[in-house]
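Just below is one structure, and these are the notes that go with it.
Only heavy atoms go into these numbers, but all of them, side chains included; no hydrogens, no water, no symmetry mates. Residue numbers begin at 1 in each chain, while the letters A, B, ... track the order of the sequences.
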There are 2 protein chains.
Amino acid sequence: MSTVGKAISLLELFNVDEPELGLSDLARRSGFDKATTRRLLIALAGRGFVEQDAGTRHYRLGAGLSRLARIREARFPFLQTAVPLVRELAASTVETVHLSEFGVDRLVTVHVEHPAWANRVNVDIGQLLPLHSTASGIAYLAFARDETVKACLAGSLDAFTAHTLIEPVAISRSMGEARARGYSICDQGYEEGVISVAAAIRAADGFALGTIAVAAPKARTTAAAIAERGLAVMEAAREISIRLNGETLQTLRRQA
Amino acid sequence: MSTVGKAISLLELFNVDEPELGLSDLARRSGFDKATTRRLLIALAGRGFVEQDAGTRHYRLGAGLSRLARIREARFPFLQTAVPLVRELAASTVETVHLSEFGVDRLVTVHVEHPAWANRVNVDIGQLLPLHSTASGIAYLAFARDETVKACLAGSLDAFTAHTLIEPVAISRSMGEARARGYSICDQGYEEGVISVAAAIRAADGFALGTIAVAAPKARTTAAAIAERGLAVMEAAREISIRLNGETLQTLRRQA
DNA sequence: AAATAACGGTTCAAATAATGAACCAGCCAA
DNA sequence: TTGGCTGGTTCATTATTTGAACCGTTATTT
């Protein structure tokens, strides 16, 4: 692994539940030597990618990341554009709505709206979603580049529940249905008792760049609710796509 | 320079005006060999810190940065907390209001609200502000740790205009006034014709973690307006500090 | 249309930076 | 005191990074 990759994998040890970690902890979890870990942290701290708490001496993600993320957002105003529509959808469905963006080989959760229910589906910001076993993933694959689809189906596909589809053929069929229907449905493919619908948000070239999804406990979800939500999520994704790409709707007509 | 530092300095070549750069361009600007530049980019792309445009083959900042930045925000809800107050202040002053966070040895602009005026002070998101020659910087130093102040005054201090204070003694005096007054004033210290006021946003330990500032063309700014804005910016900073730290106001009473 | 220049990308011996076992010193609980 | 934990440091060994020269393509320029 490259040194840069090691440094980044240190950053990836932080998450919303454990936003601050000590040196020994980081070394243990990363598998790197303590000296190595520390030198990497110093390099990262020198550029503001991590900060060290003056009191506890623990490390946390730094302001330099926010800076770069905001520069990216200025070019790709994905969040800014999508969040209002995520809110709307959350208000009308009264279920968890989450927004994700593609990164490397997964979807990254970039925004979530939770309903007031005690029994709800919980998704964290920053959470990574696999492509083959979530509604978002299938919706993404339905409009992804061929090479992305191939890379996904070529890898080993984890079965998260008894319902997870892991045969490439079955997943391809699911993608095809999602493409035809305009939205994907995932019935307990990632977690038992959770049913989700999702639609792809598409760039100007017609390929997916992210997704919007509604996730709910299966116990209180009827088939009619799924169909209704599917249309709503599709409409939201379409609206976000249009706002992102100006009015160049015709380029969105591309079929993979 | 460490390999990690090199990789990060590649990321830092991107800004809001040039959010996409080609390989040769990146190599030229960074001073690294083209092969080195490319290997670093591949390592960064592998973790989603940069993305390559499929068409132009140019690189841009990636979604992985947004992911980590959002994890940080979940712990340190600085933006979320401060932006509404920045908007309020922008509405009432009808001048440029910018919010910054400390990083390494500078202030990082994380949010800006511009007024509708054609003649206004323009600040970009991601822009870096020096500590000694801006209202934000002085406000920050006034409530910074001693070692930060020392490190700042020890370095070589650029004179950006004829008005820039570059003697440590003069800067210290300016800091003292800001501390006593509750806000700093910077009269054309960074750019000719621009006058700013700023106040420090403080963490639970009483030390500054960022600033909020109002910047305006000097031509239309009266002394009375400065005094009024100073009080407003101070009040906004105080409100943000309180919201960030719960109601632990007493800890904010610390005097450096 | 030919020539040129600039582009992104690749190779491999040589140079340089990363590595980690062993080492502090400080803190806390038994 | 002991023992075990913490964050942090050192330096000979080792493995990674480096860059001149290379390729094939894609605009420009003549």
What is the distance, rounded to the nearest whole Å, between atom [atom1] of [X] and atom [atom2] of [N]?
X     : N      : atom1 : atom2 : value
B:R38 : D:dC23 : CZ    : P     : 18 Å
B:R57 : D:dA27 : CZ    : P     : 12 Å
B:H58 : D:dT26 : NE2   : P     : 14 Å
A:L23 : D:dC5  : CG    : C1'   : 13 Å
B:R28 : D:dG19 : CZ    : P     : 17 Å
B:F32 : D:dA20 : CZ    : P     : 15 Å
A:K34 : D:dT6  : NZ    : P     : 8 Å
A:D53 : D:dT6  : CG    : P     : 17 Å

**Request:** Would you mind telling me which residue lines up with the more 5' stretch of DNA chain D, A:M1 or A:T56, judged by nearest nucleotide?
**Result:**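 Between the two, 5'-proximity favours A:T56.
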**Message:** Need to verify one output field. Residue with the more 5' nearest nucleotide on DNA chain D, A:Q52 or A:V4?
**Reply:**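 Taking each residue's closest nucleotide, the earlier one in sequence belongs to A:Q52.
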**Request:** Select one nucleotide: of D:dT16, D:dG8, D:dG7, the one nearest the side-chain heavy atoms of A:T3.
**Result:**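 Of the options given, the side chain of A:T3 lies nearest D:dT16.
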**Message:** What's the closest nucleotide to the side chain of B:R39 if the choices are D:dT17, D:dG19, D:dG7?
**Reply:**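 So the side chain of B:R39 is nearest to D:dT17.
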**Request:** Considering just the side-chain nitrogens and oxygens of A:Y59, establish if one lies under 4.0 Å of OP1 or OP2 belonging to D:dT6.
**Result:** no
Any chance [atom1] of [X] has more than 12 other-residue heavy atoms, nucleotides or ligands included, within less than 6.0 Å?
X      : atom1 : answer
A:R47  : CZ    : yes
B:E191 : CD    : no
A:Q52  : CD    : yes

**Closest heavy-atom pair and its distance - A:A35, A:D33** = N-OD2, 2.8 Å
**Asked** What pair of heavy atoms forms the shortest contact from B:I125 to B:V16, and how long is it?
**Response**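 Scanning both residues completely, I find the closest heavy atoms to be O-CG1, 3.7 Å.
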**Working for ring-ring contact (aromatic ring centres under 6.0 Å, His included), residues A:F143 and A:F207** = CA-CA 5 Å; A:F143 293 98; A:F207 290 108; 9.4 Å; no
**Prompt:** chain B on DNA chain C: first and last contacting nucleotide, 5' to 3', under 4.0 Å to a heavy atom?
**Reply:**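 Endpoints of the contacted stretch of DNA chain C: C:dC7 to C:dA18.
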**Message:** Is a donor from one side chain sitting under 3.5 angstrom from an acceptor on the other, for A:T109 and A:S100?
**Reply:**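 Result is no, nothing qualifies.
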**Prompt:** Any chance the side chains of B:T3 and A:T3 put a donor and an acceptor closer than 3.5 Å?
**Reply:**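 Distance-only check fails for B:T3 and A:T3.
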**Item:** Degree of bending, the helix from C:dT10-D:dA21 to C:dA22-D:dT9 (end axes from five pairs; round to 10°)
**Value:**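 End-to-end axis angle: 40°.
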**Request:** Spell out, as yes or no, whether a donor-acceptor pair under 3.5 Å connects the side chain of A:T56 to the backbone of A:D53.
**Result:**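 Answer holds: no.
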